[in-house]
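In the text below, chain A, chain B and the rest are named by the order of the sequence lines, each starting its count at 1.
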Amino acid sequence: MTEENHDENKLIAQRREKLTAIRAKRVAFPNSFIKEDTSSDLIEKYDSKTKEELETLAVTAVIAGRIIRMRGPFVVLQDGNGQMQIYINNKSFLEEQAEEIKSFDLGDIIGVHGEMFKTGKGELTLRASRFELLTKSLRPLPDKHKGLTDTEMRYRQRYVDLIVNEQSRKIFQTRSRIMRFIRQYFESLDFMEVETPMMQVIPGGATARPFITHHNALDQEMFLRVAPELFLKRLVVGGFERVFELNRNFRNEGLSTRHNPEFTMLEFYQAYARYQDLMDLTEDLFRKIAIDIGGSSKVSFQGSEYDFAEPFARLSVTDSIKKYCSVADDAVFASAESVAALANSLDVNFDQNWSKGKVLMEIFDQKVEAQIDQPTFITEYPIEVSPLARRNEENPEITDRFELIIGGRELANGFSELNDPEDQAERFKEQVAQKDSGDSEAMHFDHDYVTALEYGMPPTAGEGIGIDRLVMLFTDSASIKDVLLFPHMRPQQDPT
RNA sequence: GGGGCGUUAGCUCAGUCGGUAGAGCAGUUGGCUUUUAACCAAUUGGUCGUGCGUUCAAGUCGCACACGCCCCA
């Protein structure tokens, strides 16, 4: 099967014939039409006028857009901001033009000059005096009532989804608005937006498996970043005391409703702050996003309601296990043996060689996280799973770290940064030992990062917020694919 | 990795007990021309995801595979 006739059908063939006829007469894809108005502007200005007022005003307008409905002499155009009905009665045009109007198909893009009026039923409408076909659409649009519902096609052909599904357009508009709001928020707090390498020689900043690539000129193996963390902290060493980066990370892991191989992360670092300060900042940020997006501190998500005006719960890892796994007292957390016994009794899958802290987190991940619905900061993460976080002064087994859980999903991860270069070197060594024993997610030893710390990093707190999951939360989306314009999909089967 | 569900016209979906493939929308032709999921009449359109198998006969039953969705790990 050749590409040329692949998925061709009669409907497309008919439209191609129309295009061929157009080509024979004139420039088929003109670029000279000057659009002067948008549907949303016209509605804002004139929808409140009466039929009589509009007749007196005799407003002319020039708009362009895609034909998404045809009802007798009425045509609905969709442009970047909304929709406008056009009255384009072929009886009132000369024969050649009347034929052209008849040949219009749903999906065609036209430009129209005319005068604004209101129909008998009171709908604001543009009466066409001149029109021009700007782009012939060769492919039929999905069902005009139900849109495109096939989830696979919505993801694979997002452009079609965006044409016909208003809800989908809204999600990505909201996403853009959230991104803009976050930038404004951090700039208002004197943070500086920076860009650090996405291609790294030593992948660092998170325990995750990286994508590997190769630089030909340097003949060097390189990694797509799993996190920008170590570079952002180098900038704090350099004296930029408040920095943030809002961009893509890449992790070579499975796909799910919460995971895409490339995803957007906000990371920010604030010198002379503590992790508690960032929990406060996070509450404030979520509250303000909710109000900016929905006009209220309350957000509905997958059947739950969250009020971001309320302070978030704060609970240590061990306390959360006690609460959600019916553990009576702290004695079980005392030794590695008792924690392993607890994991076994709770039916948690884990490796017998794992450390106490790692087993503890496995219990949390498998048995606790999904149960936490209302916004909750989980704190006091074990040191073994937090190789870049500051050790707690009272309890050397834990770090000054938190994660934010909402609706059973991890939204954010932050901590007071480890700025002791000797402790950091030791932590890297432990990571390398784990990597050597087969853990593909363990970190590399980053000597230059330790060197940077040796120059001195001020006490600092930093945090990462998963933007895709944040957008899911604020758009009530069940799958990460719903908030990614072009989610990763397996290639379609070749029909040959 | 395991389990469940799905894949039928361009789109949205029916398809009974295994017995010649259906509707709405879109399209085409004509009518109507201030409509609102416009309307009226006629009409075109199918490798039923792919491949094997069972059967006189498979969209339908079985197996395998592909892709997707959901759940579990």
Side-chain angles (χ1 to χ4, degrees), chain A residues 1 5-18 47 51-52 54-55 66-78 83-93 98-99 101-108 114-128 136-161 163-166 253-260 302 343 346-351 362-363 365-367 369-371 408 477-482 487-496:
Chain A
M1 200 177 258
N5 62 18
H6 165 71
D7 74 4
E8 283 283 290
N9 63 41
K10 194 172 175 182
L11 299 179
I12 295 172
Q14 284 166 347
R15 290 181 179 217
R16 262 189 217 286
E17 279 171 28
K18 289 179 183 177
D47 201 33
K51 192 174 167 72
E52 292 72 25
L54 273 176
E55 270 170 36
R66 188 185 298 276
I67 298 174
I68 57 158
R69 298 282 184 277
M70 292 195 281
R71 294 186 285 264
F74 293 92
V75 160
V76 181
L77 288 196
Q78 180 165 279
Q83 298 172 1
M84 176 59 62
Q85 179 167 269
I86 309 297
Y87 181 72
I88 180 164
N89 188 341
N90 56 29
K91 292 269 191 321
S92 54
F93 285 89
E99 284 304 312
I101 292 167
K102 278 198 227 169
S103 75
F104 284 160
D105 289 301
L106 290 175
D108 288 353
E115 191 169 296
M116 302 305 302
F117 77 108
K118 279 208 168 164
T119 65
K121 300 282 168 65
E123 179 160 352
L124 186 67
T125 302
L126 179 66
R127 184 188 293 108
K136 183 69 191 168
S137 169
L138 295 178
R139 287 177 182 264
L141 291 175
D143 189 277
K144 69 177 178 181
H145 311 309
K146 297 188 176 175
L148 187 62
T149 65
D150 185 292
T151 49
E152 183 176 352
M153 297 314 287
R154 286 186 51 229
Y155 300 146
R156 288 193 195 276
Q157 294 187 283
R158 182 67 86 185
Y159 41 90
V160 179
D161 178 45
I163 289 170
V164 297
N165 293 337
E166 164 82 26
E253 295 162 1
L255 299 114
S256 80
T257 50
R258 298 168 199 194
H259 298 88
N260 195 64
Q302 302 295 298
L346 292 170
D347 245 355
V348 169
N349 296 316
F350 67 101
D351 190 319
E362 209 57 31
I363 296 172
D365 287 343
Q366 290 181 36
K367 297 294 167 188
E369 189 173 66
Q371 293 190 61
S477 299
S479 170
I480 195 169
K481 290 188 170 74
D482 293 324
H488 184 76
M489 303 284 280
R490 277 175 210 263
Q492 272 176 310
Q493 194 181 13
D494 188 342
T496 55

Trainee: Please identify each residue that fulfils side-chain hydrogen bond (donor to acceptor under 3.5 Å, both in side chains) with A:Glu123, with sequence neighbours left out.
Mentor: none
Trainee: For A:Gln14, give me all partners under side-chain hydrogen bond (donor to acceptor under 3.5 Å, both in side chains), at least two apart in sequence or on another chain.
Mentor: none
Trainee: Please identify each residue that fulfils side-chain hydrogen bond (donor to acceptor under 3.5 Å, both in side chains) with A:Arg66, with sequence neighbours left out.
Mentor: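 In terms of side-chain hydrogen bond (donor to acceptor under 3.5 Å, both in side chains), with neighbours along the sequence ignored, A:Arg66 is linked to no residue.
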Trainee: Sticking with atom C1', work out how far B:rU8 lies from B:rC13, rounded to a whole angstrom.
Mentor: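 Result for the C1' pair: 9 Å, nearest Å.
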Trainee: Touch check for A:Leu106, heavy atoms < 4.0 angstrom, all strands: base, sugar-phosphate only, or nothing?
Mentor: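 Answer is sugar-phosphate: A:Leu106 comes under 4.0 Å of backbone atoms only.
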Trainee: Which value, rounded to the nearest 0.5 Å, describes the distance between A:Arg139 atom CZ and A:Gln157 atom CD?
Mentor: 7.5 Å
Trainee: Measuring to OP1 and OP2 of B:rA38, would you say a side-chain N or O of A:Arg71 lies under 4.0 angstrom away?
Mentor: yes
Trainee: Got a sec, which residues hit salt bridge (Lys or Arg N to Asp or Glu O under 4.0 Å) with A:Glu152, two or more places apart in sequence or on another chain?
Mentor: A:Arg156
Trainee: Using whole Å, report how far CG of A:Asp143 lies from C1' of B:rC11.
Mentor: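 After rounding, the gap between these two atoms is 5 Å.
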Trainee: Any side-chain N or O of A:Thr149 below 4.0 angstrom from OP1/OP2 of B:rC13?
Mentor: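 Yes, A:Thr149 has a side-chain N/O under 4.0 Å of OP1/OP2 on B:rC13.
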Trainee: Ignoring hydrogens and geometry, is there a side-chain-to-backbone donor-acceptor pair from A:Asn260 to A:Lys481 under 3.5 Å?
Mentor: no
Trainee: Using a 4.0 Å heavy-atom cut-off, write out nucleotides 68-73 of chain B from 5' to 3' as B (base contacted by protein), S (sugar-phosphate only) or - (no contact).
Mentor: SSS--S
Trainee: Can you list the stems that include RNA chain B, where a stem is three or more consecutive Watson-Crick or G-U pairs with distances under 3.5 Å?
Mentor: B:1-7 with B:66-72, B:10-13 with B:22-25, B:27-31 with B:39-43, B:49-53 with B:61-65
Trainee: For the C1' atoms, the ones on B:rU50 and on B:rG59, what distance do you get once it is rounded to whole angstrom?
Mentor: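 Roughly 14 Å separates the two C1' atoms.
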Trainee: How would you list, by chain and number, every residue that makes a salt bridge (Lys or Arg N to Asp or Glu O under 4.0 Å) with A:Glu166, sequence neighbours excluded?
Mentor: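 With neighbours one apart ignored, the set is A:Arg169.
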Trainee: Rounding to the closest angstrom, what is the interatomic distance between B:rG24 and B:rA41 at atom P?
Mentor: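 Their P atoms lie roughly 11 Å apart.
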Trainee: Rounded off to whole Å, could you give me the CG-to-P distance for the A:Leu126 and B:rU35 pair?
Mentor: 18 Å
Trainee: With a 4.5 Å cut-off on side-chain heavy atoms, are A:Ile480 and A:Pro487 touching?
Mentor: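 No, every pair of side-chain atoms sits at 4.5 Å or beyond.
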Trainee: Can you tell me, in whole Å, how much space there is between the C1' of B:rG27 and that of B:rU12?
Mentor: 16 Å
Trainee: Find every protein N or O atom lying less than 3.5 Å from an N or O atom of nucleotides 28-34 of chain B, and list the pairs.
Mentor:
unit_1 : atom_1 : unit_2   : atom_2 : d
B:rU28 : OP1    : A:Lys18  : NZ     : 2.8
B:rU33 : O2'    : A:Asn89  : ND2    : 2.5
B:rU33 : O2     : A:Pro73  : N      : 3.4
B:rU33 : O4     : A:Lys91  : NZ     : 2.9
B:rU34 : OP2    : A:Tyr87  : OH     : 2.8
B:rU34 : O2     : A:Gly120 : N      : 2.9

Trainee: Over how many whole Å does the gap from A:Leu124 atom CG to B:rU35 atom P extend?
Mentor: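 A:Leu124 atom CG is separated from B:rU35 atom P by 16 Å.
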Trainee: Roughly how far, to the nearest 0.5 Å, is the CE atom of A:Met116 from the CG atom of A:Leu124?
Mentor: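 These two atoms lie 3.5 Å from each other.
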Trainee: Report each atom pair, protein N/O against N/O of nucleotides 43-45 of chain B, whose distance is under 3.5 angstrom.
Mentor:
unit_1 : atom_1 : unit_2  : atom_2 : d
B:rU44 : O2'    : A:Lys10 : NZ     : 2.3

Trainee: Using the P atom on both, measure B:rC63 against B:rG6 and round to a whole Å.
Mentor: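 Going atom to atom, P in each nucleotide, I get 14 Å.
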Trainee: Could you measure between the two P atoms, the one in B:rC61 and the one in B:rC48, and give it in whole Å?
Mentor: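 Per the computed distance, 16 Å lies between those P atoms.
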Trainee: Nearest whole angstrom, please: distance from the P of B:rG1 to the CD of A:Glu253.
Mentor: 15 Å
Trainee: Residues in side-chain hydrogen bond (donor to acceptor under 3.5 Å, both in side chains) with A:Lys136, at least two apart?
Mentor: A:Asp105, A:Asp108
Trainee: Are any non-hydrogen side-chain atoms of A:Glu115 and A:Leu54 less than 4.5 angstrom apart?
Mentor: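 With C-beta onward as the side chain, the pair stays apart.
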Trainee: In whole Å, what is the span from the CE atom of A:Met84 to the P atom of B:rU36?
Mentor: 19 Å
Trainee: What's the CZ-P distance between A:Arg69 and B:rA26, to the nearest Å?
Mentor: 10 Å
Trainee: About how many Å separate CD of A:Glu55 and NZ of A:Lys118, when rounded to the nearest 0.5 Å?
Mentor: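 Going from the NZ atom of A:Lys118 to the CD atom of A:Glu55 covers 12.0 Å.
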Trainee: Roughly how far apart, to the nearest Å, are B:rC70 and B:rG53 at atom P?
Mentor: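 It comes out at 35 Å once rounded to the nearest Å.
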Trainee: Just the rounded figure in Å: distance from C1' of B:rU36 to NE2 of A:His145.
Mentor: 12 Å
Trainee: Please verify the inter-ring angle class for A:Phe117 with A:Tyr87; under 30° counts as parallel, over 60° as perpendicular, anything in between as tilted.
Mentor: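 Rings of A:Phe117 and A:Tyr87: perpendicular, over 60°.
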Trainee: Whole Å only: how far is the CD1 atom of A:Ile68 from the C1' atom of B:rU36?
Mentor: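 Between C1' of B:rU36 and CD1 of A:Ile68: 12 Å.
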Trainee: Taking atom C1' in both B:rG46 and B:rC69, compute the distance separating them and give it to the nearest angstrom.
Mentor: 25 Å
Trainee: Could I get the full list of salt bridge (Lys or Arg N to Asp or Glu O under 4.0 Å) partners for A:Glu17, not counting sequence neighbours?
Mentor: none
Trainee: Just jot down the salt bridge (Lys or Arg N to Asp or Glu O under 4.0 Å) partners of A:Lys102, sequence neighbours excluded, or say none.
Mentor: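 So A:Lys102 forms a salt bridge (Lys or Arg N to Asp or Glu O under 4.0 Å) with A:Glu99.
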